[in-house]
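Numbers here are sequence positions counted from 1.
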Amino acid sequence: MSVESAIPVPAASGPGPLRTPPLVTGGAPLLGHAWNLVRDPLGFLAELRDHGDLVRIRLGPKTAYAVCDPELVGALLKRPEYIVGGPLWDTLEVLLGKGVATSNGKLHRRQRRMMQPAFRPERIAAYAKVMEEEARATAARWRPGETVDVGAEMFRTAVRIVSRSLLEVDSIPEKADRIADSLHTVFEGLYRRMVLSVGPLYRVPTPANRRFENALADLHALVDEIIAERRAAGPGGPGDLLAELLRARDESGAPLADQEIHDHVVSLVVAGAENVASTLSWTFHLLTEHPDQERKLVEEVNSVAGDRAITFADLGDLPHTRNVITEAMRIRPAAWIFTRRSVAETDLGGYRIPADADIVYSVYAMQRDPRSFERHLEFDPDRWIPERAADIPEFAMMPFSVGNRKCPGDHFSMAELALILGTVAPKWRLERVPETDTGTRVGITLHPKRLVLRVMPR
């Protein structure tokens, strides 16, 4: 589904002196463009390419480099001179520690090799049983005519799926709900800590800071309890992620320390829950605005499954359902801003990037760019029919990233998204109510502010 190419992206524009990227004007005193990233981040990032394919912005006293051209972003992600780092990952380390999402180099390669067995096709087919159960349970909880907070429902469902699939311990059903509550509070506080690097203010015991710290501590304590419970039971049994980590050995043959296992678990649960919940929320919202696409999706599912609920075996026969999900991820991506850090002075597309520079790129801006997408703000799932998708530029659509940072759980997530959407949509028609606010809540990920919908049986 990603438009990653097997042909390497050129790193430089050819011989000649390197250019200095243009500096974007504006910004606030002292804060620079960090103020823009707090006040209107999506609008600010969407306009950056009008200033150039690679530009400089000011984040407080620091200069950062914003890459706006898809080809240059592809080069950035595939070259070893640029590592995971910068304001986003510095902030996320508070939550994710030194797990696979935040590590680099040899450590990252070793961690990915340990993770990969848990995401083999045969394992995903086994996890699908949990996905099917949770999707049906969600659809069965609702009652005709009631209003449902769809964002909260999708988040809880996603947490339960990733927890039950990858962390099989007896207490996981109860712990999954507590994980969902803690993660919701933590994510609310992370974005401002990324763009406003004023660490001392976050140590002031305000109610918001106390809620953040308490939720973060509870999340880490829950993960430690899960690891201790599984270690006490022995590492044998199902081939879920936690079993693979408990069986893994480092270069010396020693088992992994609990802290490393802890960081891996947090990374996978956070990514698997937050991104899936956001994507589903936006997808249901978009379908309420485009009843023709909703009708086409329901007809496709019913033509394949009839009166029964869909299963993992049906997913290959649901191309429009996949295209709806892909288009929702394009126009309303969950993860929307990323950062990297240069390890040496480099040449990126003929521009000079100094050593230890913070680099920013936004898939939200790239995936809504009229230079890459015809009718760029229109929700059009048919743009992903193969003959039309062939016209989309390389790297203009990267829902799971590319290169050695590509999400190891991409097939897991796509199966989960399709099973939940394909189970709920044929059973319930969702309608907006006055309490609905589909404005964008900006955090580390993007969500509708308040997606309250009335559920009506079909």
Side-chain angles (χ1 to χ4, degrees), residues 1-9 11 45 65-93 95-96 99-105 107-109 111-113 115-116 118-119 124 162 194 264 267-279 282 325-342 348 358-369 372 384 389 392-417 444-446:
M1 187 195 66
S2 167
V3 290
E4 178 180 5
S5 172
I7 302 173
V9 176
L45 291 167
Y65 294 76
V67 186
C68 310
D69 173 72
E71 184 179 17
L72 294 184
V73 172
L76 174 77
L77 298 182
K78 288 193 164 189
R79 290 175 56 190
E81 299 97 323
Y82 306 107
I83 63 172
V84 164
L88 172 67
W89 301 107
D90 292 346
T91 302
L92 281 177
E93 272 198 18
L95 174 60
L96 304 181
V100 68
T102 58
S103 61
N104 285 290
L107 176 60
H108 178 258
R109 290 192 292 273
Q111 291 173 339
R112 274 191 74 98
R113 284 196 297 271
M115 294 269 184
Q116 213 60 54
F119 293 103
I124 294 175
V162 73
M194 179 183 78
H264 294 328
S267 293
L268 268 294
V269 170
V270 166
E274 182 70 6
N275 292 348
V276 166
S278 170
T279 298
W282 285 121
I325 294 166
T326 303
E327 180 69 348
M329 288 192 291
R330 180 193 72 83
I331 199 168
R332 292 291 191 176
W336 59 284
I337 187 170
F338 295 91
T339 60
R340 291 291 187 270
R341 186 164 285 147
S342 58
L348 186 61
D358 288 339
I359 304 164
V360 179
Y361 70 96
S362 170
V363 295
Y364 177 92
M366 288 199 307
Q367 292 174 185
R368 298 164 67 98
D369 190 334
S372 298
W384 299 105
I392 296 172
E394 295 286 348
F395 308 108
M397 175 69 179
M398 294 192 296
F400 298 106
S401 194
V402 298
N404 69 351
R405 308 304 307 203
K406 187 173 183 181
C407 174
D410 54 346
H411 297 296
F412 179 103
S413 296
M414 283 301 293
E416 179 181 4
L417 290 164
I444 296 296
T445 54
L446 303 178

Check: [Y] and [X] side chains under 4.5 Å, non-hydrogen atoms:
X: Phe338; Y: Ser401; value: no
X: Pro408; Y: Arg112; value: yes
X: Ile359; Y: Tyr82; value: yes
X: Thr326; Y: Met397; value: yes
X: Val73; Y: Phe395; value: no
X: Tyr65; Y: Leu348; value: no
X: Met414; Y: Met329; value: yes

With a sphere of 6.0 Å drawn around NE2 of His108, does it hold more than 12 non-hydrogen atoms of other residues, nucleotides or ligands? yes
Is the ring pair Phe412/Phe119 parallel, tilted or perpendicular, if the boundaries are 30 and 60 degrees? perpendicular
Drop me the distance from [X]'s [atom1] to [Y]'s [atom2], to the nearest 0.5 angstrom.
X: Phe400; Y: Asn275; atom1: CZ; atom2: CG; result: 8.5 Å
X: Ser413; Y: Ile124; atom1: OG; atom2: CD1; result: 9.0 Å
X: Asn104; Y: Arg109; atom1: CG; atom2: CZ; result: 10.0 Å
X: Ser372; Y: Glu71; atom1: OG; atom2: CD; result: 11.0 Å
X: Tyr361; Y: Leu76; atom1: OH; atom2: CG; result: 7.0 Å

Using a 3.5 Å distance criterion without hydrogens, assess whether the side chain of [X] forms a donor-acceptor pair with backbone atoms of [Y].
X: Gln367; Y: Met398; value: yes
X: Trp282; Y: Ile331; value: no
X: Ser362; Y: Ile337; value: no
X: Ser278; Y: Glu274; value: no

Result of checking Ile83, Leu77, Val84 against Arg405 for side-chain contact (heavy atoms from CB on, under 4.5 Å): Val84
Taking every non-hydrogen atom, the tightest pair across Thr339 and Gly85: OG1-O, 2.8 Å
